[in-house]
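All values below come from the heavy atoms of this structure, side chains included, with hydrogens, waters and symmetry mates left out. What you are looking at is a predicted structure, and each value in this text was computed from that prediction instead of being measured.
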Amino acid sequence: MNKFPTPLLVVMLCTPLQVQAGDIGPIDQAGQRPSDSLPAIEKRQRPALMLASIYHPEPAPDTFWISEKFDGVRAYWDGKQLLSRQGYPIRAPGWFTKDFPSTPLDGELWIGPGQFEAVSAAARRFQPLEHEWRQIRYLLFDLPTSPQPYWQRRLQLQALTERQQIAHLRVPEYWRVKSQSALQQLLQQRLAAGAEGLMLNQADARYQAGRSKALLKLKPYFDAEAMVLAHLPDKGKYSGMLGSLLVQNDQGVRFKIGTGFTDQQRRIPPAIGSRISYRYRSLTAKGKPRHASFLRPFEPL
């Protein structure tokens, strides 16, 4: 049955089911995941990517090159194929990568503002769908194997795309600002245009794998992942359906999420033991997310 059970039972797990990121692989053309025995979900070693830290007002913004933060799927080109952040092969059509350089590239597959679900579905498929990939662009952020400082890598990327002349291979626009007020003004302009936020690259920094303060993200909100511990019933408008989720984040903090769900998700909520992505504004003194809202089921590539 597709109905949420009535009366609704609150289910708690004393020992939550652990769902590992590696348990999730590509999906087929019907949107279903193939059998685990298929080579399609063979996981490779995770690429050594540079990961962003959160921007705080302390660093002077004039030492950074700034670009838009895109709502897409991180993709690493190893010189032969695209890999996800988790190390899964991304099966793009042959024409998409046919003329890519042998140089490793760090970038993001992107369709447009608010199109994360569409590009994520395309990147997960065992067999790529032509009409989906015709919409996708590969936005280049960096050259992981270059020893040069960022500002030189940025020029190298621009030269590479001009030399390759591939319509869907692009380097995003970049900006420089001199003050915090100018940075906030730029943020508001890009948010109004549909951006998620801004990315700040330290101009003189080398590419380094792992979490780095040379790469910062600035957003009006933050997002994170948590495990579903229980379904809590609604006593008002959604009586008989999901009211909120009791979840636990990666820091071990338990809290409730009661907003951000569609009616269908309230009827059939994310499974207990599964992981979800949520959005929040800030943290309390005890580390609880303020104004947490459901974003989507978490299925890392």
Side-chain angles (χ1 to χ4, degrees), residues 20-26 41-55 59 64-92 96-97 100-111 116 119-120 122-124 136-158 160-161 168-172 174 195-219 222-225 250 275 277 296 298-301:
Q20 300 298 323
D23 294 338
I24 300 170
I41 66 168
E42 175 188 356
K43 187 176 179 181
R44 297 173 177 264
Q45 184 176 358
R46 293 185 183 186
L49 298 178
M50 190 170 180
L51 304 177
S53 298
I54 295 174
Y55 178 80
F64 291 89
W65 287 40
I66 305 166
S67 65
E68 182 173 318
K69 187 179 189 310
F70 297 93
D71 189 16
V73 171
R74 187 85 174 264
Y76 173 75
W77 172 252
D78 68 358
K80 296 180 179 179
Q81 67 173 333
L82 288 170
L83 295 173
S84 75
R85 178 175 164 180
Q86 298 295 326
Y88 291 108
I90 298 175
R91 287 170 170 76
F96 191 88
T97 59
F100 278 17
S102 58
T103 305
L105 303 170
D106 183 2
E108 188 152 336
L109 299 173
W110 187 73
I111 293 177
F116 173 81
V119 70
S120 177
R124 292 173 184 277
I136 295 175
R137 283 160 277 177
Y138 186 31
L139 306 179
L140 301 184
F141 299 152
D142 220 324
L143 291 166
T145 58
S146 172
Q148 302 302 320
Y150 177 76
W151 70 270
Q152 289 189 353
R153 300 198 305 273
R154 167 77 172 82
L155 297 178
Q156 290 173 337
L157 276 178
Q158 192 66 50
L160 182 150
T161 56
H168 53 270
L169 196 66
R170 303 182 186 179
V171 178
Y174 283 72
E196 270 205 324
L198 299 175
M199 300 297 296
L200 293 84
N201 283 272
Q202 186 73 48
D204 61 356
R206 267 61 177 180
Y207 192 98
Q208 51 186 309
R211 194 71 59 187
S212 173
K213 291 188 176 180
L215 175 62
L216 303 174
K217 55 186 174 183
L218 174 60
K219 303 195 295 183
F222 305 101
D223 51 65
E225 290 75 53
D250 294 339
R275 288 175 66 81
S277 293
R296 63 177 71 93
F298 179 66
E299 296 190 352
L301 280 165

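Counting heavy atoms from C-beta outward, Asp71 and Val119 have side chains that stay 4.5 Å or more apart. No side-chain heavy atom of Trp77 sits under 4.5 Å from any side-chain heavy atom of Leu83. Using a 4.5 Å cut-off on side-chain heavy atoms (C-beta onward), Leu109 and Ile90 make contact. Considering only heavy atoms from C-beta on, Lys69 comes within 4.5 Å of Lys219 through its side chain. The shortest side-chain heavy-atom distance between Arg170 and Leu140 does not fall under the 4.5 Å cut-off. Annotation: side chain of Leu82 is not in contact with side chain of Tyr76 (no heavy-atom distance under 4.5 Å).
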**OP:** Please lay out, stage by stage, how Leu139 and Phe70 fare under the test side-chain contact (heavy atoms from CB on, under 4.5 Å).
**Re:** CA-CA 9 Å; Leu139 306 179; Phe70 297 93; 3.7 Å; yes
Subject >> Step-by-step salt bridge (charged side-chain N to carboxylate O under 4.0 Å, His left out) determination, Asp250 to Arg275 >> reply: CA-CA 10 Å; Asp250 294 339; Arg275 288 175 66 81; 3.2 Å; yes
Original post:
Would Gln148 and Gln156 count as a side-chain contact (heavy atoms from CB on, under 4.5 Å) if you check the C-alpha gap in whole Å, the side-chain angles of each, and the deciding distance to 0.1 Å?
Top reply: CA-CA 9 Å; Gln148 302 302 320; Gln156 290 173 337; 3.7 Å; yes
Original post:
Asp223 and Ser277: side-chain contact (heavy atoms from CB on, under 4.5 Å), yes or no, with the steps?
Top reply: CA-CA 7 Å; Asp223 51 65; Ser277 293; 5.8 Å; no
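Ring-plane geometry between Phe64 and Tyr55 is classed as perpendicular, the angle between the planes exceeding 60 degrees on a 0 to 90 degree scale with a lower cut at 30.
Only one option out of Trp110, Phe100, Phe96 pairs with Tyr138 in a ring pair (Phe, Tyr, Trp, His ring centres under 6.0 Å); it is Phe100.
The 12-atom threshold is exceeded at CH2 of Trp65, counting heavy atoms of other residues, nucleotides or ligands nearer than 6.0 Å.
Within the structure, salt bridge (Lys or Arg N to Asp or Glu O under 4.0 Å) contacts touching residues 198-209 (residues at least two apart or in different chains) do not occur.
Side-chain atoms of Gln81 and Thr97 form no donor-acceptor pair, as typed in the model, at a separation below 3.5 Å.
Looking at every heavy atom in both residues, Arg85 comes nearest to Arg211 through NH2-NH2, 4.0 Å. The shortest heavy-atom contact between Arg154 and Pro172 is NH2-O, 3.6 Å. Heavy-atom minimum distance, Asn201 versus Leu215: OD1-CD1, 3.3 Å. Across Leu200 and Ile66, no two heavy atoms sit closer than the pair CG-CG1, 4.0 Å.
For the pair Ser146 (side chain) and Leu143 (backbone), a donor-acceptor distance under 3.5 Å is absent. For Arg137 (side chain) and Ile111 (main-chain N/O), a donor-acceptor pair under 3.5 Å exists by modelled atom type. When atom types are taken as modelled, the side chain of Asp78 and the backbone of Lys80 share a donor-acceptor pair closer than 3.5 angstrom.
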Please set out all donor-acceptor pairs under 3.5 angstrom arising from side-chain atoms of residues 101-108, sequence neighbours excluded.
residue	atom	partner	partner atom	Å
Asp106	OD1	Arg74	NE	2.8
Asp106	OD1	Arg74	NH2	3.4
Asp106	OD2	Arg74	NH2	2.8
Asp106	OD2	Tyr207	OH	2.8
Glu108	OE2	Gly72	N	2.6

